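Here the structure comes first, spelled out in structure tokens, and everything after it is commentary.
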Amino acid sequence: MPLPQPQILRYTRWLQSERGLNFNPTTTAGYDELWRWSVSDLRAFWGSIWDYFDLRSPVPYSQVLVDEVMPGAKWFPGAMVNYAAQVLRHTDATHAAGQPAIIFQNELLAQRGELQELSWPELKRQIGSFAAALQRMGVMPGDRVCAFLPNVPQTVVAFLACASVGAVWSVCSPDMGPVAVLDRFRQIEPKVLIACDGYVYGGVAHDRQALLLELLAALPSVRDVVLLRNLEPQSDPARLANSQRRAHDFDALTAGSEIAEPLWLPFDHPLWVVYSSGTTGLPKAIVHGHGGVMLETMKGACLHNNLGPTLQTGARFHWYSSTGWIMWNLQAGVLLGGTSVCMFDGSPTGRAGQADWSTLWRFAAASGATFFGAGAAFYANCLKADVRPAELADLSNLRTIGSTGSPLAIECYRWIHERLPQVDGRPIWLAPISGGTDFAGAFIAGLPTLPVIDGEMQCRCLGAAVQAWSEPDANGAGRALIDEVGELVCTKPMPSMPLYFWGDAGNRRYLDSYFDMYPGVWRHGDWIRITPRGGAIIYGRSDATINRHGIRMGTAELYRAVEALPEVLDSLVVDLEYLGRESYMPLFVVLRKGLLLDAALSASIKQSIREALSARHVPNDVFQVSAIPRTLSGKKMELPVKKLLQGTPAEQVFKLDAMANADCVAWFTAFAATRLTHPLP
């Protein structure tokens, strides 16, 4: 199909006519000038995003930004917004153009060669019906509504209904174990739980009704539970009710005749709680606001990913994701700009044991997707399996490939350009992004007007003052680096940065998570190199967080699962990411005296992790050690072990006089020298 005018050019022409500003984003130097303006004059830039996308408020805001500080920046005080209202603005025009809101397929529909569509008017009706039902349950603005749901249209409906009434949304994927789910939901004390009876993955049905009862027993704050019959049409919601809790059927709540309209809410009213774990304690419950997420999502989706109203651009967006990944939020978020969403629920490889990596490509063809996104590991697997998407199905609508979750290997760039159809005689646009759950956005992304360099992301995002910094000096300041690997930092606030962490007294965890190394400067926890061209290369995590297949998980959660086994006394895990190589995650365990790690015990350890967390977090290998390196205060030395295994000499990462058991360092040093050959660049 003919390519529409890039959205970034529409925006810069608007800047010229409405602001008298002249930028040329079709050259590297021209985009650099635009980016520098966007991060040097935050009020002018974010004010232009508000006006360009015609965000609406029944009352005017007093100013764009009160103080340029982190954390604590106050954006658009006085404005009243609603995420769901912004989505539903597109109903009439987009529907009139014959474009659906959601195109959906799961494994069963794929076997039959069928798709389901949800029109914009039907999406609006179901949101209004479910929102009215929430209000009848007594849900008020600020109440928490949690969901235990898969990647299906009903989850989008439920989320937008919550946003409509001002409830705070939080979702976990139904393939997560009870420990991981309860570690999240218990923190925020939900009033309502929306859950499915089960899900299908790889052709296998997983009944979750027993687990659902376990969750409800551990969540006494839940007063209403809504059951989505995703697995069995005859599943009975009544079995979930008791004297303190009412049960409802999801389909009945979306079929009601009463319709609730979205409420106007303050710009920083909480929209959702998402979770990103550190290396100790419970997962961090990160709270983002309606207005900030709207601005960041629309900027990223429309200006960088070149999306927009489907009636105007023809865009249909697919990103393969579970509800446990922030990319699910981005997927739903493209509705803010009127873009149709293409959702697939199930295994990307078909039935268990088949390893058919053509599944998602066939869905992209059937749904007419113009933008196809997935984790970097998906493309690596397609390359290894020698998948030839252009020979499998008609992908003539496809014009963009997105990737995130981990660094995309240069071989994958080449595979994508060789195996996917060209667009207007040129290789398909490859637009990897890098951002995070923490601020629900991207720091590094693509731009359709700039050249694509294999192995490199195209540019720093507008409004994101991203730099690579050196280690802090004596005053806690870093030095900006060009063409050198450093810590990824953001030196100025963005509207979508967290409002706060739920239950975080005095903002202590918030400050420790992002501002511990450089006071007043956001440290993201990635290694990054800014190239002289203005592009960027990510080299993986610089902290000890597990980042498996794009799903971040704190090591503390894994330790709870492993060390619950009677045979295990202590453990340590590190997630090693390398540019151009697959992530490798070894687990080290200390066993009870006299025990040896055999195949049966190793399998038991992995199964415990799979059940408590998810299959994504099962380590590649398990090794028995005599001791886990610890500080004098008893803390596990995860980051030093990680750096050692990435190639840093032991004397640079271990302070032996600050260790409780320095004699164990020799084993890990020998292990690094003999078993691993992937030093960090």
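Note: hydrogens, waters and symmetry copies are ignored here, and every other heavy atom, side chains too, is used. These numbers come from a predicted model, not from an experiment.
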Using modelled atom types only, decide if a donor and an acceptor are shared between the side chain of Asn620 and the backbone of Met585 within a distance under 3.5 Å. yes

Less than 4.0 angstrom from a charged side-chain N to a carboxylate O is my criterion; do Lys74 and Asp268 meet it? yes

Hey, is Arg419 close enough to Glu391 for a salt bridge, meaning N to O under 4.0 Å? no

Mind listing the closest non-hydrogen atom pair of Cys459 and Leu447 along with its distance? SG-CB, 4.1 Å

Are the charged groups of Arg414 and Glu411 less than 4.0 angstrom apart, N to O? no

Exactly one of Met494, Met70, Lys492 clears side chain to side chain contact (heavy atoms under 4.5 Å, CB included) with Trp522, and that residue is Met70

Angle between ring planes, His417 versus Tyr413, binned at 30° and 60°: parallel, tilted or perpendicular? perpendicular

How are the rings of Trp415 and Tyr379 set to each other: parallel, tilted or perpendicular (split at 30° and 60°)? tilted

What is the ring orientation for His304 with Tyr31, classed by angle as parallel under 30°, tilted 30 to 60°, or perpendicular over 60°? perpendicular

Should the pair Tyr11 and Tyr52 be assigned to parallel (<30°), tilted (30 to 60°) or perpendicular (>60°) ring geometry? perpendicular

Phe344 and Tyr320 aromatic ring geometry - parallel, tilted or perpendicular at 30°/60° bounds: tilted

Hey, what's the ring geometry for His288 with Trp272, parallel, tilted or perpendicular (30° and 60° as the breaks)? perpendicular

So, the side chain of Thr323 versus the backbone of Asn151: is there a donor-acceptor pair under 3.5 Å, distance only? no

Using modelled atom types only, decide if a donor and an acceptor are shared between the side chain of Ser496 and the backbone of Phe439 within a distance under 3.5 Å. yes

Where do Leu360 and Phe372 land on the side chain to side chain contact (heavy atoms under 4.5 Å, CB included) test, with the steps shown first? CA-CA 9 Å; Leu360 293 181; Phe372 180 99; 3.8 Å; yes

In terms of ring plane angle, is the pair Phe515 and Tyr510 parallel, tilted or perpendicular, where the classes change at 30° and 60°? tilted

Do the rings of Trp325 and Trp319 sit parallel, tilted or perpendicular, given the 30° and 60° boundaries? perpendicular

